[in-house]
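Taking it in order: structure first as structure tokens, then the write-up.
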Protein chains: 2
Amino acid sequence: MNIKEASEKTGVSSAAIRYYEKELLIPAIDRTDVGNRDIDDRIIRRIQFVTQMRAAGMSIENLRRYIQLFDAQEDNAKEQKAILKTQLAAMEEKRDDLQSAIDHLNYKLNHFYDHMETTEEELRELERQHAEKVTDDAMSEGDGYNNR
Amino acid sequence: MNIKEASEKTGVSSAAIRYYEKELLIPAIDRTDVGNRDIDDRIIRRIQFVTQMRAAGMSIENLRRYIQLFDAQEDNAKEQKAILKTQLAAMEEKRDDLQSAIDHLNYKLNHFYDHMETTEEELRELERQHAEKVTDDAMSEGDGYNNR
DNA sequence: CCTTGCCTTGAAGTGCACATTAAGGATTAA
DNA sequence: TTAATCCTTAATGTGCACTTCAAGGCAAGG
């Protein structure tokens, strides 16, 4: 498949695919007799992998470091494993931060509802969330800024 | 408190605080008689809120839009609610993507354990070294390329 | 033969989110 | 009084992750 088809299949622009290849995030792509990229499913999967990790917040630089290590010879195994663990911890922290922000917004959203109609159920939920997260005061109605 | 103390308290640079104020992510900050910013706890909480939302992936632009609506005295409740819901959905999707990447990495990590024998001691040392270089991101693999 | 539409490379441009620099003002310590 | 250390604004610079442009090649359709 040519680069345009690969782009359509992955949702990654042709230019970005070229960029990923240049930056060694995906392996060197085979060429046709006239020099055009001929992209197979292995490359597609690598592109999707890169996309997934990028969406998870991994930088090009770190992605390349890991992929290079991984593609290299054996025996880097311990270091790879260490990298994996470190990155995993960072991602879990990021997920937790994200969850905390989601909780915050959910709290606000639920709070909006009681301008209109709030069920007893929702109220108990709000109190439960609020008790857990004391750090969430900033944008809620109690910070003295939004006096409505 | 002056901007440097606020910076130290929040972990946000002085330049970034000025930038946030300029971009209306935080309210106009009071000045002393000579024109220096005098930052109180309400501002600190707003900075922390911005930090949290930024870490969760919200752009300056979206943050400003939301905050401006929120700060408006008008009862934009329905519109605010819609924005909140949209942002929330995006964040939940991002969290799920992140979780999926975490699962991916966990799978790989478990796979590594089959192959090698590394003491936890060595791992911790490696992790410590790596953590100095890598602050935030993550990596993985596992798509049929690295057949080991 | 010419236009369309795909491709190539390398270089330059873009947008975001700040960081840094320049030029100057006020306060404090020696 | 001079140096240090904070502050101010406005302007410019930076790094990342691409995107766009420029200049050209190849193949098919009309």
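Proteins come first, then strands; the chains are lettered A, B, ... in the order of their sequence lines, and each starts at number 1.
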Using atom OH of A:Y19 as one end and atom P of C:dT9 as the other, report the distance to the nearest whole Å. 16 Å
Indicate, with a heavy-atom threshold strictly under 4.0 Å, whether A:A15 touches base, sugar-phosphate, or nothing. base
Phosphate OP1/OP2 of C:dC16 contacted by B:R54 side-chain N/O (<4.0 Å): no
Tell me every residue that passes side-chain contact (heavy atoms from CB on, under 4.5 Å) with B:E8, counting only those two or more places apart in sequence or in another chain. B:K4
Kindly write out the residues that satisfy side-chain contact (heavy atoms from CB on, under 4.5 Å) with A:A16, not counting sequence neighbours, or none if the list is empty. A:V12, A:S13
Pick the nucleotide of DNA chain C nearest each of B:D33 and B:E61; which residue has the one closer to the 5' end? B:E61
A:Y19: side-chain contact (heavy atoms from CB on, under 4.5 Å) partners, not counting sequence neighbours: A:E23, A:I60
Each nucleotide N or O in nucleotides 5-8 of chain C that has a protein N or O under 3.5 Å away: list the pair and distance.
unit_1 : atom_1 : unit_2 : atom_2 : d
C:dC6  : OP1    : A:K4   : NZ     : 3.3
C:dC7  : OP1    : A:N2   : OD1    : 3.3
C:dC7  : OP1    : A:I3   : N      : 3.3
C:dC7  : OP1    : A:K4   : N      : 2.6
C:dT8  : OP1    : A:R37  : N      : 2.9
C:dT8  : OP1    : A:R37  : NH1    : 2.7
C:dT8  : OP2    : A:R18  : NE     : 3.1
C:dT8  : OP2    : A:R18  : NH2    : 2.6
C:dT8  : O5'    : A:R37  : NH1    : 3.4

From NZ of A:K22 across to P of C:dA11 the rounded distance in Å is 8 Å
Rounding to a whole Å, what distance do you find between A:E23:CD and C:dT9:C1'? 15 Å
For A:N2 and A:E5, indicate whether the former's side chain and the latter's backbone hold a donor-acceptor pair under 3.5 Å. yes
Can you check whether A:Q99's main-chain N or O pairs, donor with acceptor, with A:D96's side chain at less than 3.5 Å? no
Any pair with a residue in residues 24-33 of chain A that passes salt bridge (Lys or Arg N to Asp or Glu O under 4.0 Å), sequence neighbours left out, goes on the list, sorted by first then second residue, please. A:E21-A:R31
Tell me: CD1 of B:I17 to C1' of C:dC18, nearest whole Å? 13 Å
Does anyone know the first and last nucleotide of DNA chain D in reach of chain B, 5' to 3', at under 4.0 angstrom to a heavy atom? D:dC6 to D:dT9
Do the non-hydrogen side-chain atoms of A:R37 and A:I43 ever get within less than 4.5 Å of each other? no
Using a cut-off of 4.0 Å on non-hydrogen atoms, how would the nucleic acid contact of B:T32 be classed: base, sugar-phosphate, or nothing? nothing
Is a donor on one side and an acceptor on the other found under 3.5 Å between the side chain of B:N62 and the backbone of B:R65? no
Between A:S7 (side chain only) and A:I3 (backbone N and O only), is there a donor and an acceptor less than 3.5 Å apart? no
